[in-house]
Protein chains: 2
Amino acid sequence: MKKTDQSGYLREDSSNYDKDAFEKPSVTVDVAVCTILDNKLHVLLIRRPFPPFKNYWALPGGFVNIEKKESLEDAARRKLEEKTGIENVYFEQLKTYGEPSRDPRMRIITVAYYALVPSSHFKTVEASSPEEPRWFPLDCLPEKIAFDHRTILFDLLIRLRGKISYSPIVFSLLENKFTWTELQSAYEIILGKKLLAPNFRRKLLSMYNLKEIEEKQKTKGRPSTLLVFENEKEF
Amino acid sequence: MKKTDQSGYLREDSSNYDKDAFEKPSVTVDVAVCTILDNKLHVLLIRRPFPPFKNYWALPGGFVNIEKKESLEDAARRKLEEKTGIENVYFEQLKTYGEPSRDPRMRIITVAYYALVPSSHFKTVEASSPEEPRWFPLDCLPEKIAFDHRTILFDLLIRLRGKISYSPIVFSLLENKFTWTELQSAYEIILGKKLLAPNFRRKLLSMYNLKEIEEKQKTKGRPSTLLVFENEKEF
DNA sequence: TCAAAAGTGTTTGACCTACACCCATGG
DNA sequence: CCATGGGTGTAGGTCAAACACTTTTGA
């Protein structure tokens with residue numbers, strides 16, 4: 001441990017900074033990928049093959065590559081791609097978790113991200129790796145969850161519930177073309193309550209540009225018209 | 001650089017983890033303290049005495065003390081106290097900034113926090129240190145701002161504007177006792193627009209428990225009744 | 001008695017809620 | 001022709017915007 005001046009600045013009488021004046025933590029990124037399956041919001045977890053928390057379920061994640069000057073979000077996207085093959089999806093920073101005791105090995109600070117994907121994006125995810133990536137319903141997580149990842153998932157749900165009311169994140173969970181029912185169902189799943197169709201439609205039409213396309217989708221009853229999300233409405 | 005297995009996990013055939021398997025970034029915390037002065041939202045900046053960004057204005061902050069197992073929020077609170085003497089205030093994590101180029105010296109990831117204080121809390125802040133801590137209006141920041149701190153302050157304003165509508169953060173900016181006018185003014189300052197008093201009062205009464213106390217406050221015209229924020233309303 | 005700021009009441013209209021109803025298809 | 005799910009119209013209530021108004025003080 002080298003000396004620093006009392007204000008906590010790195011010394012710089014010479015123009016060389018002392019990169020090791022302070023002990024450093026490790027920094028990881030963790031990614032909570034969400035999708036809708038069976039009318040539930042699911043999140044992808046992997047089974048940890050090593051201690052600590054061996055055989056516990058955890059968010060996919062890993063160390064940021066400092067040598068390659070990788071940005072935090074790039075690291076998160078890379079980790080997701082490496083572990084699940086999922087790419088090019090909605091991505092946003094959630095929060096940073098840095099309690100000293102969160103990892104028993106050493107001080108690790110993790111920057112949590114979340115991603116939203118339509119459920120068509122990942123046919124090949126399952127069983128492709130020794131870590132057995134698996135989708136779990138957010139309201140029915142396994143008992144054994146590693147680190148503080150349960151807290152992260154809790155915070156995620158809060159974030160999604162808040163954000164859905166003013167931001168077009170739902171469309172990241174849906175295919176390009178979708179029906180009113182699918183759209184409404186996505187809202188209901190995230191908010192955890194039933195909505196009334198007519199009111200729901202009026203509200204969404206007033207918020208976003210939703211274009212009806214000619215194509216129809218067959219169902220048991222009357223076929224539903226397909227919609228496309230064009231862009232956010234100006235105001 | 002030691003070897004890791006291909007999945008990016010630390011090797012752990014032995015039960016000793018290799019703490020230096022990955023190069024680590026430095027981790028700092030930065031704090032944006034806000035208060036209301038002269039009917040404007042102000043933020044506290046200090047003048048950097050050393051390069052990089054010598055003489056530029058920056059958020060108070062510094063390295064997290066890893067040896068002492070300091071949590072991120074504790075570090076942020078400590079830094080604020082060290083540099084400004086401000087303690088025991090509303091505190092919340094804002095976002096983490098980790099672009100590889102944000103600090104020219106080396107890779108530094110910073111976890112930004114914000115704090116809200118009533119303007120009575122800091123008589124002694126100014127000029128008490130070589131760093132000349134000074135309050136700047138958020139809408140009129142100095143030209144020379146260090147690092148990506150302008151971005152942080154931008155994100156902060158977005159956060160405050162969003163959060164004020166569903167959370168009682170305003171009360172952290174006010175004294176224990178305050179007038180309707182002060183309360184409304186705080187909203188107007190953060191939202192950047194005028195509000196109508198009758199509607200504003202009805203709205204806040206429906207959201208929070210505001211108790212009128214006997215005491216009055218003198219002004220030029222009719223004296224105003226003082227209020228106390230009791231707690232959030234159940235529902 | 002007037003200016004200045006605090007505080008109240010009331011109308012209007014937008015928007016949300018709830019529900020009843022109609023439409024298109026498969027069996 | 002009936003069951004099923006898609007889709008629409010409308011009456012009623014709630015709440016926020018806007019504005020006019022009253023009250024209380026100091027000068």
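FYI, side chains are in, hydrogens and waters are out, and symmetry mates aren't considered; it's all heavy atoms of this structure. Numbered from 1 within each chain, the chains take letters A, B, ... in sequence-line order.
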Enquirer: Whole angstroms only, please: what is the CG-P distance between B/Asn199 and C/dT12?
Expert: 16 Å
Enquirer: Could you pick out which residue, B/Arg202 or B/Leu226, lies toward the 5' side of DNA chain C when each is mapped onto its nearest nucleotide?
Expert: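 Its nucleotide being nearer the 5' end, the pick is B/Leu226.
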Enquirer: Please confirm whether the ring centroid of B/Tyr90 lies under 6.0 Å from the ring centroid of B/Phe171.
Expert: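 B/Tyr90 vs B/Phe171: aromatic centres not under 6.0 Å.
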Enquirer: Over all strands shown, is B/Pro223 touching base, sugar-phosphate only, or nothing at heavy-atom distances under 4.0 angstrom?
Expert: sugar-phosphate
Enquirer: Tell me what B/Thr225 touches on the nucleic acid: a base, only sugar-phosphate, or nothing, going by heavy atoms under 4.0 Å.
Expert: sugar-phosphate
Enquirer: Rounded off to whole Å, could you give me the CG-to-C1' distance for the B/Leu196 and C/dA6 pair?
Expert: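 The distance from CG of B/Leu196 to C1' of C/dA6 comes to 15 Å, rounded to the nearest Å.
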Enquirer: Using a 4.0 Å heavy-atom cut-off, does B/Thr181 contact any base of the nucleic acid, only the sugar-phosphate backbone, or nothing at all?
Expert: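 Contact class for B/Thr181: sugar-phosphate only.
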Enquirer: Does A/Arg102 make a cation-pi contact with A/Tyr97, if we ask for NZ or CZ under 6.0 Å from the ring centre and within 45° of the axis?
Expert: no
Enquirer: Does anyone know the first and last nucleotide of DNA chain D in reach of chain A, 5' to 3', at under 4.0 angstrom to a heavy atom?
Expert: D/dT4 to D/dT10
Enquirer: Between B/Phe200 and A/Thr179, which residue's closest nucleotide on DNA chain D lies nearer the 5′ terminus?
Expert: A/Thr179
Enquirer: Could you tell me how the ring of A/Phe91 sits relative to the ring of A/Tyr113: parallel (under 30°), tilted (30 to 60°) or perpendicular (over 60°)?
Expert: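 Because their plane-to-plane angle lies in the 30° to 60° range, the rings of A/Phe91 and A/Tyr113 count as tilted.
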Enquirer: Over how many whole Å does the gap from B/Asn39 atom CG to C/dA5 atom C1' extend?
Expert: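 These atoms are roughly 14 Å apart.
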Enquirer: Under a 3.5 Å threshold, yes or no: a donor from one side chain and an acceptor from the other, between A/Thr110 and A/Thr28?
Expert: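 Yes, because at least one side-chain N or O of A/Thr110 sits under 3.5 Å from a partner of the opposite role on A/Thr28.
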Enquirer: What distance do B/Leu157 atom CG and B/Leu153 atom CG have between them, rounded to the nearest 0.5 Å?
Expert: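 Those atoms lie 9.0 Å apart.
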Enquirer: Can you tell me whether the side chain of B/Arg222 and the base of C/dA5 have a donor-acceptor pair closer than 3.5 Å?
Expert: no
Enquirer: Between A/Glu81 and A/Arg78, does any side-chain N to carboxylate O distance fall below 4.0 Å?
Expert: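 Salt bridge between A/Glu81 and A/Arg78, a charged N being under 4.0 Å from a carboxylate O: no.
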Enquirer: Please report the distance, rounded to the nearest Å, between NZ in A/Lys203 and P in C/dT17.
Expert: 8 Å
